[in-house]
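Inspection log for the structure reproduced underneath, given as structure tokens.
This structure is a prediction, so every number in the text was calculated from the model and none was measured. Heavy atoms only: backbone and side chains are in, while hydrogens, waters and symmetry mates are out. FYI, the numbering just counts along the sequence from 1.
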Amino acid sequence: MFKKQRDNVMKQIAQSQRYLEKLDHKVQYFEAACAQGTETGLEDFCDTLEAASKASQSLNN
């Protein structure tokens with residue numbers, strides 16, 4: 001019973017970590033956009049963040 005509960009908590013932690021990473025990426029994106037005064041030119045930024053997120057997810061699985 002405790003092992004099953006522990007597994008559930010670990011899954012929740014992993015999911016929360018993924019949410020946190022996405023929020024961090026969004027914060028970085030909007031900070032960069034604000035610093036530039038525009039979102040123009042940040043398309044590559046999004047691709048880089050998406051690749052980093054996928055790499056992180058594969059490490060967590």
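Annotation: the span from Phe30 atom CZ to His25 atom NE2 amounts to 14.0 Å, rounded to 0.5 Å. Taken to the nearest 0.5 Å, the CG atom of Leu20 stands 12.0 Å off from the CD atom of Gln15. A distance of 7.5 Å separates NZ in Lys22 from NZ in Lys26, rounded to the nearest 0.5 Å.
Asn8 meets the side chain to side chain contact (heavy atoms under 4.5 Å, CB included) test with Lys4, Gln5; sequence neighbours excluded. Scored by the side chain to side chain contact (heavy atoms under 4.5 Å, CB included) test, Met10 finds Arg6, Ile13 as partners (sequence neighbours excluded). Taking Glu39 as the reference, Tyr29 meet the side-chain hydrogen bond (donor to acceptor under 3.5 Å, both in side chains) condition, with sequence neighbours excluded. Taking the side chain to side chain contact (heavy atoms under 4.5 Å, CB included) definition, one finds that Thr40 meets it with Thr38, sequence neighbours left out. Not a single side chain to side chain contact (heavy atoms under 4.5 Å, CB included) links Leu23 to another residue, sequence neighbours left out.
Other members of the hydrophobic cluster containing Phe2, listed by chain and number, are Met1; membership follows side-chain contacts under 4.5 Å among ILVMFWY residues, whether direct or relayed.
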